[in-house]
Protein chains: 2
Amino acid sequence: MTLSRLILGLLSLAPMTGYELKKHFDATVNHFWSADKAQIYRTLAALVKDGFCVAETVQQDGLPSKQVHRITEHGRAALLEWLETESSPDAERNAFLGRVFFAGQLDKEQLHKLFDRRRETARNYLASLQEQLAASPAANPGEALFFQLATLRNGIRHVKAELEWLADIEKELV
Amino acid sequence: MTLSRLILGLLSLAPMTGYELKKHFDATVNHFWSADKAQIYRTLAALVKDGFCVAETVQQDGLPSKQVHRITEHGRAALLEWLETESSPDAERNAFLGRVFFAGQLDKEQLHKLFDRRRETARNYLASLQEQLAASPAANPGEALFFQLATLRNGIRHVKAELEWLADIEKELV
DNA sequence: ATCTACTAGTGGACTTGTCAACTAGTAGAT
DNA sequence: ATCTACTAGTTGACAAGTCCACTAGTAGAT
């Protein structure tokens with residue numbers, strides 16, 4: 001459901017191929033929803049079958065032909081309906097916290113490795129999110145770009161929270 | 001993988017039935033990993049098949065008979081190995097942020113509904129996590145309970161970050 | 001000359017997780 | 001007397017997502 005609506009959302013901004021959708025996912029959506037390309041192509045086929053978008057094959061010279069997908073009125077309606085419905089909170093899935101939960105069974109060295117690695121990835125991730133944000137033009141509150149950047153800022157807030165938590169825990173563990 | 005190791009983790013604390021595992025998941029693991037009971041029973045069967053735990057049927061009077069699962073040495077080794085391996089960061093999956101990403105297409109009323117609902121659920125969730133934490137006895141850094149509570153404190157940090165982010169965004173949107 | 005990456009997409013196998021129904025006895029509430 | 005919840009577990013169908021291999025031409029790098 002979510003993937004199909006996110007695809008409709010991207011198609012509502014511009015007609016696109018599955019290949020381009022994958023690029024957009026990796027570049028701007030990845031921090032809250034990642035998508036496998038096989039999954040994208042299959043979902044796209046389902047959207048066409050449901051009449052939410054239409055595909056047009058475009059021949060190119062020197063490159064493989066491509067299928068440009070365009071959202072339909074029906075598709076726009078489905079997107080809007082989804083935007084307006086309450087999102088049941090996604091189940092948290094955090095394997096790292098699973099390791100922490102049982103970390104009493106680790107020796108000191110492994111314990112510090114666990115937290116150190118987490119801190120490292122969090123720091124790198126924070127840097128990449130901040131770069132993305134800095135690379136974007138400024139947005140006025142309310143316009144489309146503002147909301148897209150808002151999701152980035154959400155990610156940044158959360159990674160910072162993670163780093164603060166790590167600092168707390170590591171301090172207590174001396 | 002993760003579910004099977006979390007089950008092994010719980011079994012490493014005490015032998016248990018699938019039914020009890022489900023209770024433990026709902027009570028203490030849910031904030032970072034939720035588990036469906038069908039999934040628990042199937043994973044448990046796989047763990048037995050792999051020799052990571054053994055099942056013993058216990059007859060009860062007045063109640064259905066139950067299968068108590070006990071972790072084996074082999075299972076403890078598998079758990080430890082998992083604890084020591086690096087967790088590849090779980091893909092973020094946040095349908096709410098998906099709605100935010102395209103929220104430029106909503107009218108003012110729907111927009112505020114989107115954020116208001118999120119704030120409400122976040123507040124309630126925060127309260128429930130804090131209650132859980134307050135209801136726990138104090139833990140000394142390094143002991144098993146400390147790490148279990150650390151996962152709760154992680155959740156609290158993150159929900160607070162979410163609320164701060166919401167306040168930022170709502171302020172900017174006037 | 002070979003290797004890699006990019007463009008554009010397809011197909012199969014597989015894992016993980018979700019939902020709902022079903023069995024069956026006990027105990028408490030209305 | 002009926003309804004609901006608890007205990008304990010099983011099964012089937014399905015949805016969603018992942019991984020890998022494959023096609024096939026172009027262009028740049030070593």
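Lettering follows sequence order; numbering is per chain, from 1. Note: hydrogens, waters and symmetry copies are ignored here, and every other heavy atom, side chains too, is used.
- As rounded to whole Å, 14 Å separates atom C1' of C/dT7 from atom CD of A/Gln59.
- Distances shorter than 4.0 Å separate some side-chain N or O of B/Thr17 from OP1 or OP2 on D/dG9.
- A sub-4.0 Å separation between OP1 or OP2 of C/dG17 and a side-chain N or O of B/Ser34 is absent.
- Ranked by how close their nearest DNA chain D nucleotide is to the 5' end, B/His69 and A/Trp33 are led by B/His69.
- Checking the phosphate oxygens (OP1, OP2) of D/dT18, a side-chain nitrogen or oxygen of B/Arg93 falls inside 4.0 Å.
- In a base pair of the Watson-Crick type (N1 to N3 plus N6-O4 or O6-N4) or a G-U wobble (N1-O2 and O6-N3), with each distance short of 3.5 Å, C/dA5 is matched with D/dT26.
- In this model, a side-chain donor or acceptor of A/Arg42 finds a partner on the base of C/dG12 within 3.5 Å.
- Both A/Phe146 and A/Phe32 belong to a common hydrophobic cluster when Ile, Leu, Val, Met, Phe, Trp and Tyr are linked at side-chain heavy-atom distances under 4.5 angstrom.
- Among C/dA8, C/dT16, D/dG9, the nucleotide with an atom closest to any side-chain atom of A/Tyr41 is C/dA8.
- Between A/Gln67 and the phosphate of C/dA8, there is no side-chain N or O to OP1/OP2 separation shorter than 4.0 Å.
- Look at CD1 on A/Ile7: it is 12 Å from P on D/dA16, rounded to the nearest Å.
- Look at D/dA13: its Watson-Crick or wobble partner, with both distances under 3.5 angstrom, is C/dT18.
- D/dG17 atom P lies 22 Å from atom CE of B/Met1, rounded to whole Å.
- Taking a 6.0 Å sphere around CZ of A/Arg70, one finds it holds 12 or fewer heavy atoms contributed by other residues, nucleotides or ligands.
- Between the C1' atom of C/dT23 and the NZ atom of B/Lys66 lies a distance of 19 Å, rounded to the nearest Å.
- Among the atoms of the strands shown, base atoms are found under 4.0 Å from some heavy atom of B/Ala38.
- B/Lys23 comes within 4.0 angstrom of the backbone, heavy atoms only, and of no base.
- Looking at which nucleotide of DNA chain C each of A/Asp36 and A/Pro64 is closest to, the 5′-most match is held by A/Pro64.
- Taking atom CG of B/Leu63 as the reference point, atom P of C/dG28 lies 12 Å away to the nearest angstrom.
- Ionic pairing of A/Arg153 and B/Glu172 is present here: one or more N-O contacts between side-chain nitrogen and carboxylate oxygen are shorter than 4.0 angstrom.
- Looking only at atom types and distance, the side chain of B/Gln105 has a donor-acceptor partner in the side chain of A/Ser12 under 3.5 Å away.
- The pair A/Arg119-A/Glu162 fails the salt-bridge criterion, with no side-chain N (NZ, NE, NH1 or NH2) lying under 4.0 Å from an Asp/Glu carboxylate O.
- At whole-Å resolution of the value, CG in A/Asp26 and P in C/dT7 are 12 Å apart.
- Counting to the nearest Å, the C1' atom of C/dA13 and the CD atom of A/Gln39 are 14 Å from each other.
- Ionic pairing of A/Asp168 and B/Arg157 is present here: one or more N-O contacts between side-chain nitrogen and carboxylate oxygen are shorter than 4.0 angstrom.
- The nucleotide whose nearest atom lies closest to any side-chain atom of B/Tyr19 is, among C/dT18, D/dG9, D/dG17, D/dG9.
- Contacts of A/Ser65 with the nucleic acid, taken as non-hydrogen atoms under 4.0 Å apart, involve only primed sugar atoms and P, OP1 or OP2.
- Checked by distance alone, B/Lys37 brings a side-chain donor or acceptor within 3.5 Å of a matching partner on the base of D/dG9.
- Rounding to whole angstrom units, CD1 of residue B/Ile40 and P of D/dG9 are separated by 11 Å.
- Across all strands shown, A/Thr43 has no heavy atoms under 4.0 Å from either base or sugar-phosphate atoms.
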